[in-house]
Amino acid sequence: MATTERLFVLPGETIDPSLIPTHKKHPLRLGPGLRHIPPSDIVPTVAGQLITNPLKNSMWVEYNSHRYIPSQGDIILAQILRSTTDFYLCSISPYSAPATLPHLAFEAATKKTRPQLAPGSLVYARVSLANRHMDPEVECVNPSTGKADGLGPITGNGCVFDVSLGFARRLLMARNREDGGVGVLEMLGGEEGGGLAFETAVGRNGKVWVGSESARTVVIVGRALQETDRGALGMEEQRRLVKRLVKGMR
Amino acid sequence: MTATTVPEAATGVLPRADGSAKYSHAGYIVTGSVNGPIEAQRRDEHPYEAHVDVIVRPAAGIGGTRERHLESILQSSLAQIILVKNFPRSLIQIVLQIEHSPENDYVNTKLVQANLNISIMPALFQTSVLALLSAGVPMKAIATATAVALSHQNGTKQTIVDPSPREVETAQSVHVLAFTSHDELLLAESEGHFTVNEWDDVYETARKVCCRPTTQKEGIAMVLDDEDASGPDMRHFVRSTMESKVATDLHWK
């Protein structure tokens, strides 16, 4: 990614016009943490690092938080609260308004054959509707192809762990462990962790589902993720943490 | 954290809250937590904007009328800087726990109940701003606050920034002022006797503390060394606190 500046900004600060990218063809795209005050002011609304991408002509503020605010297209991990006649109500983050998941928003679902989800079960879903005046809506199917694309109810033994939104976003990024700064999952599955067998589903809403046949592995992986997040551990510290957890749970 | 005279702060001290901050200044220690935007109760719901709920908890005992008064002042000024229109029908909850307040050495406090007055407002205000920043709640601007006392001693006037309880007691008037980062006056609360000219002096003093200009140079905030500067530079303090928080948060970048 061609990003240049890493400038720290606070809400309401003026952004130097020379930092705002310009492009001949693409219109300027504003990402999270910025607002446009007509006619021409662009003002940050959160404290974070201002990142500009001159190639795509976009800019946004990179920051970490704990409260997920739904936005369209995000992949999230939701928990079913209850079912109504046409849709399930599910929780994306605690104490926020529940999201709706239509009964027919699953792969190959018809009125007669649809997944029967009990309250408490988990779904890996995409946010299909998010705006400030309405409750969010999620789906487990790609509406144009009718395929699940990896979304759907999560089955198997496992447990959900809460992490910060920045860490969840980092886990969703495809980056190798050397330049990524977070390699805890590879370490757990690799030689440091003694080759633990597990699977994960990371939601953009700061929830990570860890699944494995052995409960011990689930606990080790979940704890490793949470401690890496809370302590902002570096690569060497992560390696030590993984070794300590695996040794302690033997 | 021990009570300090210079401002000190830590963010993210409460792991389960969306955002939190611990702030210590002028003998006060306040811990604040911010949760939101969350689902509002039916009676707090507003169709077009978020409801900002401020709860002040004293160091000992349960809150009373004084706390409700502080809450209402903080609520109305914080709702001005939070982008409440972004989150209709929701609630942003700010809880402020006073942990320590400075003692007046000249008076025997009989009650355990902490004595509240407006000189605690800057600490409460600054804690809520830091906690809101730590929670990533969208805001129009940041704000800084300070307390200024006016006293007449031996016929000479004195303005005292961040007065101690003894100075508050002997002062003619105590003022709390808050400014946004656009140098606009956000909050002005006064107590005692004073003239309009005296208030203007107070305004200038508070403005110097809250709105000291920083020059931007190659992305690094440079503080101008003002010889006549009195009191701490609040805006620079908020900036450096948040800068270190963001740097640790994004260490993997």
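Chain letters run A, B, ... following the sequence lines, proteins first and then strands; every chain starts at 1. When reading the values below, keep in mind they use all heavy atoms of this one structure, side chains included, and skip hydrogens, waters and symmetry mates.
Neither the backbone nor the side chain of A:Pro32 comes within contact range of chain B; no heavy atoms are under 4.5 Å apart. For a residue to count as touching a neighbouring chain, one of its non-hydrogen atoms must lie under 4.5 Å from one of that chain's; by this rule B:Leu83 touches chain A with the side chain only. With a 4.5 Å cut-off on non-hydrogen atoms, B:Ala17 touches chain A through its backbone but not through its side chain. Of the two parts of B:Pro37, the backbone and the side chain both hold a non-hydrogen atom closer than 4.5 Å to a non-hydrogen atom of chain A. Within the 4.5 angstrom heavy-atom criterion, only backbone atoms of A:Leu233 (N, CA, C, O) approach chain B. Proximity to chain B (any heavy atom under 4.5 Å) is shown, for A:Ile37, by neither the backbone nor the side chain.
Among A:Ala97, A:Gly234, A:Ser164, A:Ser65, the residue with the largest count of heavy-atom pairs under 4.5 Å with chain B is A:Ala97. The choice from B:Gly36, B:Ala135, B:Ser134 that makes the most heavy-atom pairs within less than 4.5 Å of chain A is B:Gly36.
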Applying side chain to side chain donor-acceptor pair (under 3.5 Å) to B:His46 and B:Tyr48, what does each step give before you reach the verdict?
CA-CA 6 Å; B:His46 188 289; B:Tyr48 293 109; over 6 Å; no
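Checked by atom type, the side-chain pair A:Arg67/A:Ser96 shows a donor-acceptor distance below 3.5 Å.
Salt bridge status for B:Asp183 with B:Arg235: present, with a side-chain N to carboxylate O gap under 4.0 Å. In this structure, B:Glu39 does not pair ionically with B:Arg89, as no charged nitrogen and carboxylate oxygen lie closer than 4.0 Å. Using a cut-off of 4.0 Å between Lys/Arg side-chain N and Asp/Glu carboxylate O, A:Arg244 and A:Glu237 are scored as not salt-bridged. Taking a cutoff of 4.0 Å between a charged side-chain nitrogen and a carboxylate oxygen, A:Lys243 and A:Glu192 do not qualify as a salt bridge.
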